[in-house]
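What follows is a single structure, written as structure tokens, with notes after it.
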Amino acid sequence: MFYDEAASDVFGAFIAAAGLEPIPDLIDIDPAQVSLNVYELAYLLDLKTPIDYSDFLRRRAASEKASPRLGLHETRSLLSDVDLARLRNRFEASNHRLMAAFGRPETASPLRLDIRTESGSYCDLHQLYASQSYLSFRKLADAIYARRNWRDRFRSLFKSGARR
């Protein structure tokens, strides 16, 4: 199942794909936890140095805040048609076993990676990094990250000074 297809109800979409009865009041996963736009993904992939978990989360939050400010919501694929085909083929057998376990027809498959990434929506990462829109995005995300990082350090300094 492709997360972007179910951006507002991941578990509900899986239950529907499996042919199960809907479950009322099912708690869902926040779409931000499972779906990144192409700018956010490129930003996180571009981090060169080893990064600890808390720093990664702060960078993830900064990139998430930068997107709406610049009106960037592209969900293009970083996988080419060849990459998508290879990925589909890799999971084909397990998808058929999953559908059989749910008693669904052999032809049904919950893994439809290309449902929203039609041919031609491939995004070359190197071209994206060179684009003015990405450079603006990165500058804003870095600025948001730096402000938040400075604010956290200031608070920590203030708290440690208050204890003395």
Do Y39 and S63 make a side-chain contact, defined as non-hydrogen atoms from C-beta onward lying under 4.5 Å apart?
no

Ring-face cation contact, Y145 with R58, 6.0 Å cut, 45° max:
no

Suppose we screen for side chain to side chain contact (heavy atoms under 4.5 Å, CB included). Which residues come up paired with L41, at least two apart in sequence or across chains?
L36, L45, L78

List the residues meeting side chain to side chain contact (heavy atoms under 4.5 Å, CB included) with Q132, not counting sequence neighbours, and say none if there are none.
L135, S136

Among residues at least two apart in sequence or on other chains, which ones pass ring pair (Phe, Tyr, Trp, His ring centres under 6.0 Å) with Y129?
Y134

Nearest-0.5 Å distance, CG of residue L47 to CZ of residue R60:
12.0 Å

Is there side-chain contact between L140 and K65, with heavy atoms separated by less than 4.5 Å?
no

For A141 and A62, work out which heavy atoms get closest and say how close.
O-CB, 3.4 Å

Above 12 or not: heavy atoms from other molecules or residues under 6.0 Å from CZ of R90?
no

Side-chain donor-acceptor pair present, Y43, R138, cut-off under 3.5 Å:
no

Return the minimal non-hydrogen interatomic distance between E64 and E40, and the atom names on each side.
CA-OE2, 3.6 Å

Shortest non-hydrogen contact from C123 toward V38
SG-CG2, 3.8 Å

Going through the distances and angles, do D83 and R86 end up as a salt bridge (charged side-chain N to carboxylate O under 4.0 Å, His left out)?
CA-CA 5 Å; D83 295 328; R86 188 173 48 227; 2.7 Å; yes

